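Contents: one structure, followed by commentary.
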There are 2 protein chains.
Amino acid sequence: MRCPDEPVVPSTSRRSFMKYASMFAAAPVLGEAHFANAARMAAGGGKAGAFSLGPTATPEDAVLINANENPLGPCKAACEAISAMAPHGGRYDLYGYEEQLTKTFAGQHGLKPENVMVYAGSSEPLHYTVLAYTGPKKGLVIADPTYEAAGYAAMASGAGVFKVKLADDYSHDMKAMVAADPNAGVIYICNPNNPTGTITAKKDIVWALENKPKGSILLVDEAYIHLSDGEDVIDQVAAGKDIIVLRTFSKVYGMAGIRCGMALGRPDLLKKLMRYGMNPMVVTGAVAAEVSLRDADLVPTRKKIIGDVRVDTISWLKQNNYKVIGDSQSNCFMVDTGRPGKGVIAAMQAKNVYIGRTWPIWPNAVRISVGSKEEMAKFKVAFKQVMDAPAAPVVAENEMPMTRDGVVLG
Amino acid sequence: MRCPDEPVVPSTSRRSFMKYASMFAAAPVLGEAHFANAARMAAGGGKAGAFSLGPTATPEDAVLINANENPLGPCKAACEAISAMAPHGGRYDLYGYEEQLTKTFAGQHGLKPENVMVYAGSSEPLHYTVLAYTGPKKGLVIADPTYEAAGYAAMASGAGVFKVKLADDYSHDMKAMVAADPNAGVIYICNPNNPTGTITAKKDIVWALENKPKGSILLVDEAYIHLSDGEDVIDQVAAGKDIIVLRTFSKVYGMAGIRCGMALGRPDLLKKLMRYGMNPMVVTGAVAAEVSLRDADLVPTRKKIIGDVRVDTISWLKQNNYKVIGDSQSNCFMVDTGRPGKGVIAAMQAKNVYIGRTWPIWPNAVRISVGSKEEMAKFKVAFKQVMDAPAAPVVAENEMPMTRDGVVLG
């Protein structure tokens, strides 16, 4: 095995590769991790379309600001809990770690334990919610651009995908989303939005809850909420509304690879997810999340660290007349490069800086994740060099299809 | 948090509880972990049907032989890999741990990397295979008794479930299973079978592959294969047949709570699973599995340890004229107690020994997992006391529904 502290030749996982290869064929379900690897592939190799193995060009000291990861990693107490748990890992959830996590979270957030379902990240419940609540006659409404996973899940359920352009301030256009499909099954809201990092006001989400099509639910993905000043909508869960809120420990808590997340909702709403998959919880993720929740300083401290780096990076970009889209309050933001984004991504990778992907609606914009101060210093140098050089020609590529039989709005 | 080495009052997780509560209503998907906790509940509390929290009666020194867990836990190298990985857990699969695991496994088993899809256990691919390949017009064929998860997944896909009684030697009756549904989508074979631990011969599975209904696939769950002398069917994957084989690190490798498993199949078969869920892999599980595979002594050593305890326990049972069903080659077996099994389970729990559940087809039989030598010594004492006493009255309970609209055979 290549232990994390050993010298390694980093490579991209076969599954990610497989996914990337098939993205262009069938648009399977992808998580942020897979987009990240896909982006590395897309930028570096042009190997898409074939199954292939072997190390990529990603050097060990690469700046990885392509997957909205948290360079701080899990907190120390979480690492210790993981190590302490490992020898006991022969058992399923032996002593109710998942229950303890549920109780701690519920107690901190004004929920009852039955409003909380723990998963190994929020990808599973995101997916299962779309599988459970959309179908050929119950559409999925999403923003454009937004995180793509819900759209991919709709391909399994057979739902039409209704894409609604972000409002002028890059918030979700809730009025247009509510009106997009009178037979909507799920309206997906990512708040702050991925990739723009922009906030949608709680009052707009509450308005949508009161005015959404009958029989639909709101799926509010709060993966990045801790990094922002935006208000969460967990009180709407407590009030018994038609809403499922997703939380993850992948972002502010730095546990993307450790895996822990939650779906929050009425028990009758959550119960329906269980038919679509119910993997026993990874006990290391459960204990790491629980100790992280108990550290009252973790969120404000990390919010400030990441926020300061974001503000500094965006200030620098603006001072240099680069166009940042919207007002990010997250660990990512979009930059309109004024040239094909895929070419910028490739040129940045050639300088050992891996940035995020483009979205079809904004082919000239690239997503930048907020890394460490040191990483962003390297980003600045590389970005200026790339933008000072002429745009490289970009070979045309098929875009990922985001609709099946739904009307595309915006 | 209650760390594993601290004194704890064990309790059952809320999710397991929630599942158990709803088992009787809607039969959701349950993993072995959840059955285990459900059994503890069923035996101890009678709290089913309500959402409830709080410690169960399970004392810390309970003998837990109810979930086919491995008391040996993860090997030392796996624990070390998990600890070393924890601080790097802020990243998704940064350096291709999943790819490395895939390559190691494929290389050891005569497969190509594209035949291997890594998951956080085998529950996900078991579930997704049934979702992908069954439906209202494509039935699921399973043995009776067998592991129930595939049957629950069929409730989400809308497939009829065709149950085929085990043959007289408690192998899968492959001829009857192939004939059970001419429109079958999936024929599920658990080998060795859970709960009986009995083997189905490779030649019978290969025969089924050649004679199964057109358009169907075989789903062969080899979770327990390492513990037996049975032949695996991975070469049928290499040969490109219509088969998906499941492997897990939960059993012989002792990683039930750490989570790692695999689906093995043709790339075109595996690709279809991706629409139903694709959670980023837990990196601790990936590295722990990879180092475990590299330990050539692990499987034979553990097979002997667990096998010796199984043989000793079954010998003792037979010497005392208890009726063991079939010839187990696994870490579990069934005992026909000649009285309602649920009463035996409750009486055993009162003696601090938690044994496995019953199956509807054999209400007098209970499943016993093979624990450590010390645990099985306690089991023997408690079991003899329970069986020497009169049978306690058992309150009638609803059984879990295992069919939806399929014909029940056997």
Side-chain angles (χ1 to χ4, degrees), chain A residues 1 3-4 8 10-15 22 28-29 31 33 51 53 67 69-70 73-74 79 82-93 95-96 98-99 102 113-114 117 120-121 123-124 127 155-156 254-259 271 274-280 282-284 287 290-291, chain B residues 1 3-4 8 10-15 22 28-29 31 33 51 53 67 69-70 73-74 79 82-93 95-96 98-99 102 113-114 117 120-121 123-124 127 155-156 254-259 271 274-280 282-284 287 290-291:
Chain A
M1 189 206 55
C3 278
V8 290
S11 54
T12 297
S13 90
R14 188 204 53 76
R15 182 158 86 186
S22 52
V29 184
F51 296 122
L53 277 170
E69 294 162 333
N70 185 339
C79 292
I82 291 165
S83 292
M85 177 58 67
H88 303 268
R91 303 282 180 184
Y92 296 102
D93 187 17
Y95 291 133
E98 188 181 333
E99 175 186 342
T102 296
E114 59 261 37
M117 290 275 280
S123 287
E124 279 184 273
H127 210 76
M155 302 213 171
M255 287 173 42
I258 303 300
R259 311 304 301 143
K271 187 173 159 186
M274 294 162 58
R275 291 188 167 204
Y276 294 88
M278 190 54 83
N279 200 17
V282 51
V283 292
T284 43
V287 293
E290 213 270 343
V291 295
Chain B
M1 188 208 53
C3 278
V8 289
S11 54
T12 297
S13 89
R14 189 204 52 75
R15 181 159 85 185
S22 51
V29 184
F51 296 122
L53 277 171
E69 294 162 333
N70 185 340
C79 293
I82 291 166
S83 293
M85 177 57 67
H88 303 268
R91 303 282 179 184
Y92 296 102
D93 187 16
Y95 291 133
E98 188 182 333
E99 175 186 342
T102 296
E114 60 261 36
M117 289 276 279
S123 287
E124 280 184 273
H127 211 75
M155 302 215 169
M255 287 173 43
I258 303 300
R259 311 304 301 143
K271 186 174 160 187
M274 294 162 58
R275 290 189 165 203
Y276 294 88
M278 190 54 84
N279 200 17
V282 50
V283 292
T284 43
V287 294
E290 213 270 342
V291 294

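In what follows, chains carry the letters A, B, and so on, assigned in the order in which the sequence lines appear, proteins first and then strands, with residues in each chain numbered from 1. Since this is a predicted model, take the numbers as computed values, not measurements.
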Minimum heavy-atom separation for [X] to [Y], with atom names?
{"X": "A/E124", "Y": "B/N279", "result": "OE1-ND2, 3.4 Å"}
{"X": "B/P74", "Y": "A/A86", "result": "CG-O, 3.2 Å"}
{"X": "A/Y276", "Y": "B/A156", "result": "CE2-CB, 4.2 Å"}
{"X": "A/Y92", "Y": "B/A67", "result": "CE1-O, 3.6 Å"}

For A/R91 and B/E69, indicate whether the former's side chain and the latter's backbone hold a donor-acceptor pair under 3.5 Å.
no
### Task
Check whether any side-chain N or O of A/H127 sits under 3.5 Å from a backbone N or O of B/R275 as a donor-acceptor pair, and report yes or no.
yes
CD1 (B/I258) and OG1 (A/T284) are apart, to the nearest 0.5 Å, by 5.0 Å
side-chain contact (heavy atoms from CB on, under 4.5 Å) with A/S83: of B/C79, B/P87, B/S83, only one passes, and it is B/S83
